[in-house]
Amino acid sequence: MALLGERKRKDLSFLQFTRLLVVYPWTQRFFDNFGNLSSASAIMGNPKVKAHGKKVLTSLGEAIKNMDDLKGTFAHLSELHCDRLHVDPENFKLLGNELVIVLAKYFGKEFTPQVQAAWQKMVAGVSIALAHKYH
Amino acid sequence: MSLTKTERAIIVSMWGKISTQADAIGTETLERLFLSHPQTKTYFPHFDLHAGSAQLRAHGSKVVAAVGDAVKSIDNIAGALARLSELHAYILRVDPVNFKLLSHCLLVTVAARFPADFTAEAHAAWDKFLSIVSSVLTEKYR
């Protein structure tokens, strides 16, 4: 996890949560009230999707600041995703891997195999934390 | 699941660029796989897996060449990979979960090397294509 220090970025706004909805269209099932999701460009330009993406990234920012207590950090969100949002935890893995790919796209060579390995641990930890309160 | 005309076109055109760095991409994919998912090393007890090892490079080349074969016969991936499908089913018997891990690391490698080409549509097409390749390679398992 020490390698994660290298990847601390305050501004993760370029990361695209939107891409998840394009690459894995079945994830759109959670966003019926988001309006036009009919094509890749519709999704990428949809303001509700962008706004939600920002929310997700803000949470990930919190995760980076609290790497030693991910379960505690995400306890409330875990309950929310289970009890109110009814999201299959498999989706957290999809998002995690998709974020790793987007990081590779934006950081290119800097995103070495070692850096990727650290991030894989990070997103796995977040996925586990988000699923932790499921019942 | 089958590829649309557009998806095939994306894959074939990107392959043109990818194949110019095929060996390096193969090696990098495997390095990423073994570092991020160390359990995959259990299939290679007979290999020297250190960075730069000749075996790693040779195996990486093999893997990418096979992907290339699938691209070249994109209308008949099952036919192109029939021999490899049997190899994986009867001899190698790699647990199916690992094809997803390898596919992911290949996507990471391609995204890092060809960021401009790796649009959301291209990402979707490649993810789908590799998913089909993985299905073909595991279809004779039982």
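Numbers restart at 1 for each chain; the letters A, B, ... are given by sequence-line order, proteins then strands. Predicted, not measured: the structure shown is a model, and the values here were computed from it.
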Practice task
Check whether any side-chain heavy atom of Ile101(A) lies under 4.5 Å from a side-chain heavy atom of His123(B), and answer yes or no.
Solution key: yes
Practice task
Identify the two heavy atoms, one from Pro115(B) and one from Lys105(A), that lie closest to each other, and give their separation to 0.1 Å.
Solution key: O-NZ, 2.6 Å
Exercise for the section: Identify, with sequence neighbours excluded, every residue that meets ring-ring contact (aromatic ring centres under 6.0 Å, His included) alongside Tyr134(A). Expected result: none
Practice task
Report, by ascending residue number, the residues of residues 28-42 of chain A in heavy-atom contact with chain B at a distance under 4.5 Å; give 'none' if the set is empty.
Solution key: Ala40(A)
Problem - Contact list for residues 123-142 of chain B, test salt bridge (Lys or Arg N to Asp or Glu O under 4.0 Å), sequence neighbours left out - result: Glu7(B)-Lys128(B), Glu86(B)-Lys140(B)
Practice task
Would you kindly confirm whether Val97(B) and Leu137(B) end up in one hydrophobic cluster when ILVMFWY residues are joined by side chain heavy atoms under 4.5 Å apart?
Solution key: no
Exercise for the section: Check whether any side-chain heavy atom of Arg32(B) sits under 4.5 Å from a side-chain heavy atom of Gln114(A), and report yes or no. Expected result: no
Completion exercise
Residues His104(B) and Val100(A): closest non-hydrogen pair is NE2-CG1, 3.8 Å
Problem - More than 12 heavy atoms from other groups under 6.0 Å of CG on Asp68(A) - result: no
Problem - Any Lys121(A) side-chain heavy atom under 4.5 Å of Ser36(B) side chain - result: no
Handout entry: Heavy-atom pair of closest approach, residues Leu35(B) and Ala117(A)
Key = O-CB, 3.7 Å
Problem - Greater than 12 external heavy atoms within 6.0 Å of Lys17(B)'s NZ - result: no
Completion exercise
Note: Ala120(B) and Arg19(A) closest approach over all heavy atoms is N-NH2, 3.3 Å
Practice task
Treating Ile, Leu, Val, Met, Phe, Trp and Tyr as nodes and any side-chain heavy-atom pair under 4.5 angstrom as an edge, say whether Ile128(A) and Met67(A) lie in one connected cluster.
Solution key: no
Practice task
Apply side-chain hydrogen bond (donor to acceptor under 3.5 Å, both in side chains) to Thr6(B) and list each qualifying residue two or more places apart in sequence or on a separate chain.
Solution key: none
Problem - Best-contacting candidate, Leu33(B), Leu107(B), Thr119(B), against chain A by heavy atom pairs under 4.5 angstrom - result: Thr119(B)
